[in-house]
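All remarks here apply to the structure that follows.
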Amino acid sequence: MKGPSNARWMAIGLALGSPLFGCQAAMQSDVATSESAVSTTNGLSSINGLSSANGLSSANGLGSANGLASANGLSSANGLSSANGLSSANGLMTTDGGRQTVKYLVRCALPAGKSLTKADHLGQMHTFPGALGLAPEYETGACNGPCQRWLSACLLAHVNTAGQTVPLWMVGQHPALGWGQHPDYPNQEGTFFGNIFETNTAGHPDAYYCSGPGFDKNVVEGRIGSNQANTPYRNMFVSGYCNINGCLASDAKTNNVADGYKVCTMGDGSMTAWNETITVWRKNVALNSNGQVVAGQTADGRTVRYDFEGSTNSWTAGNAQLVLSSVADVGGQTGTKSLKATYNSGASTVRMQGPAGLTLTAGTKVSFYLKLASDSKLTEINPFVKKQGGNEWKVTNTVSKVLKGSWNVVTITVPAATTGIQVGVEFKTSGAFSAYVDAVTW
């Protein structure tokens, strides 16, 4: 496994507050995280951007119809330390939510060891520490062009309406971030980009994201609140996924898999190509409001039925070898292991399935987390459900729709007027391959 370079670990978990964007939810305070524990787990030291930050509310000042700067007394021309920047009588420093936005603005802009102290409208002083250093010039000078776009990507990546801590692994081509994947963060969640400091020529903030293949599509939307009414965050890709269209993969790779995206094309204004992008990787675990792992659940709240931690769970394959993967191989999703299928011959159809005897009612959605080796000669990965009475229901997925070398999700829904008694995955291949299955849920 390639080292994590300067990629940054973050944990976010603050719910929506005031209704600037028409979204409302309960506010949650920060949840502290032990730097030493995180450093041990992630192989990072505090000088590389460890943060116990717990999230940014999308409603607390990230734009409005007029953009972040013009709506909140924030000047992009005079620097964060300027008296006419943040301390405006009607600006961000006048509310708790606005000060949270300042907190993350400073965290994204200034490096660790730097801080900004500002007075609110009542004269009370507040100190905000830096962490990532994406725009150090903004401390005393102008923030234009790339500076605004890097800060926008960082702020968007930190938005969290989920009301719970969400650990993140953030990468990008900015030297303060760097590239690299981490085995503890195996799922590509999404990529964030835009410019929320001003409105575009269509009258909207450029606040964009696209989904990674590592979760069902609603996970990114749920975290940043874009599936709520009147939010400015948009995914304009028809496919939804970053890797299918609209984004150009990074040159940096880990085990032959791109670490993220260096350019994404999206937007309804005059600017549609964004070079300042941040890709986020996640753990596939459910967390409660205290940041504790909820056993037996994935990040999207599904119950894990087959986890392959201690055994193959009685899964079988007709013409492939099934073994449990080791931590040194690819690990797992909600645990440390997964079920590995290895096939070493020519063109064929390879099927692996769980034990029969299930009772899956019509409408039950079954999800399979799959990882395909980057050199696999697979052409299709097709989940199936065997129905009571002997027939089968199958969904065809061409390999062009998934990201090889990374965890992907494929799903199938038990059709109407039937009961599912067994689930599995069919692989069509032109030659040898290795594939991993984990966290089968419904």
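The first residue in the sequence is number 1, and the count goes up from there.
- Shown are K283, K371, Q333; of these, the side chain to side chain donor-acceptor pair (under 3.5 Å) with N187 is made only by Q333.
- Closest of all the heavy-atom pairs between W150 and E276 is NE1-CG, 3.3 Å.
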Q: For V106 and E139, run side chain to side chain contact (heavy atoms under 4.5 Å, CB included): C-alpha distance rounded to whole Å, both residues' side-chain angles, the deciding distance at 0.1 Å, then the answer.
A: CA-CA 9 Å; V106 175; E139 181 179 11; over 6 Å; no
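- Closest heavy-atom contact between K340 and Y436: CE-OH, 3.3 Å.
- S406 and P213 make their closest contact through OG-CG, 4.4 Å (heavy atoms, listed as atom of the first residue, atom of the second, distance).
- When only modelled atom types and interatomic distance are considered, Y209 and E189 share no side-chain donor-acceptor pair under 3.5 Å.
- Residues K253 and Q181 fail the side-chain proximity criterion, which asks for heavy atoms closer than 4.5 Å.
- Rounding to the nearest 0.5 Å gives a distance of 9.5 Å between SG of C147 and CG of N195.
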* To do: Dump the intermediate steps for side chain to side chain contact (heavy atoms under 4.5 Å, CB included) on C154 and L132, then the final yes or no.
  => CA-CA 9 Å; C154 184; L132 292 177; 3.6 Å; yes
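- Annotation: the span from S325 atom OG to D438 atom CG amounts to 7.5 Å, rounded to 0.5 Å.
- With hydrogens and angles ignored, the 3.5 Å screen pairs a side-chain donor or acceptor of E309 with a backbone N or O of K337.
- Here the side chains of K365 and W442 are not in contact, with every heavy-atom distance at 4.5 Å or above.
- Remark: the backbone N or O of N275 is paired with a side-chain donor or acceptor of Q173 at under 3.5 angstrom.
- Side-chain atoms of S250 do not come within 3.5 Å of backbone N or O of A258 as any donor-acceptor pair.
- No donor-acceptor pair under 3.5 Å is formed between the side chain of N408 and the backbone N or O of G214.
- Side chain of N313 to backbone of F308: a donor-acceptor contact under 3.5 angstrom is found.
- No donor-acceptor distance shorter than 3.5 angstrom exists from the side chain of T254 to the backbone of V257, with no hydrogens or angles considered.
- Residues L105 and L155 have side chains in contact (heavy-atom distance under 4.5 Å, counting atoms from C-beta outward).
- The pair D375-K404 does not meet the salt-bridge criterion, since no charged nitrogen lies less than 4.0 angstrom from a carboxylate oxygen.
- Separating the CG atom in L134 from the CD1 atom in I278 is a distance of 5.5 Å, to the nearest 0.5 Å.
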Subject >> Chi angles and distances behind the side chain to side chain donor-acceptor pair (under 3.5 Å) call for Y261, Q188 >> reply: CA-CA 11 Å; Y261 304 94; Q188 188 188 114; 3.1 Å; yes
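- The ring-ring contact (aromatic ring centres under 6.0 Å, His included) check on Y369 picks up nothing, with sequence neighbours excluded.
- Judged by distance alone, with hydrogens and angles left aside, the side-chain atoms of T411 form no donor-acceptor pair with the main-chain N or O of V366 at under 3.5 Å.
- Pairing of C264 with C210 by a disulfide is not supported, the SG atoms lying 2.5 Å or further apart.
- Across P129 and S115, no two heavy atoms sit closer than the pair CA-CB, 3.9 Å.
- Nearest heavy-atom pair across T441 and V304 is CG2-CA, 3.8 Å.
- Separating the CG atom in L80 from the CG atom in L110 is a distance of 6.0 Å, to the nearest 0.5 Å.
- A side-chain donor-acceptor contact under 3.5 Å links S376 to the backbone of S434.
- Residues D120 and R99 meet the side-chain proximity criterion, which asks for heavy atoms closer than 4.5 Å.
- When side chains are defined from C-beta on, F197 does not count as touching N144, because their heavy atoms never get closer than 4.5 Å.
- Taking OG1 of T127 as the reference point, atom CG of L116 lies at 8.0 Å (rounded to 0.5 Å).
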Do F192 and V280 pass the side chain to side chain contact (heavy atoms under 4.5 Å, CB included) test, and can you show the C-alpha distance, the side-chain angles, and the key distance before you say yes or no? CA-CA 8 Å; F192 301 86; V280 170; 3.7 Å; yes
Stepwise side chain to side chain donor-acceptor pair (under 3.5 Å) test for N382 and N397: CA-CA 6 Å; N382 308 323; N397 296 284; 4.8 Å; no
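- For the pair D251 and K262, the salt-bridge criterion is met [side-chain N within less than 4.0 Å of a carboxylate O].
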With side chain to side chain contact (heavy atoms under 4.5 Å, CB included) as the criterion, how do H126 and M93 come out once you've worked through the C-alpha distance, each side chain's angles and the decisive distance to 0.1 Å? CA-CA 9 Å; H126 302 264; M93 290 298 296; 3.8 Å; yes
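- When side chains are defined from C-beta on, L287 counts as touching P167, because their heavy atoms get closer than 4.5 Å.
- Y306 and W315 have perpendicular rings, their planes meeting at more than 60° on a 0 to 90° scale where under 30° would count as parallel.
- Nearest heavy-atom pair, Y138 versus G141, reported as atom, atom and distance to 0.1 Å: CD1-O, 3.5 Å.
- Proximity of V263 to C247: side-chain heavy atoms (C-beta onward) are nowhere separated by under 4.5 Å.
- Contact of the R282 side chain with the W169 side chain is not registered, since no non-hydrogen atoms from C-beta on lie closer than 4.5 Å.
- A donor-acceptor pair under 3.5 Å links the side-chain atoms of S338 to the main chain of G331, judged by distance alone.
- Of the possible polar contacts, one joining the T429 side chain to the K377 backbone as a donor-acceptor pair under 3.5 Å is found.
- Taken to the nearest 0.5 Å, the CG atom of L248 stands 8.5 Å off from the OG1 atom of T265.
- Partners of F433 by ring-ring contact (aromatic ring centres under 6.0 Å, His included), not counting sequence neighbours, listed by chain and number: Y343, F427.
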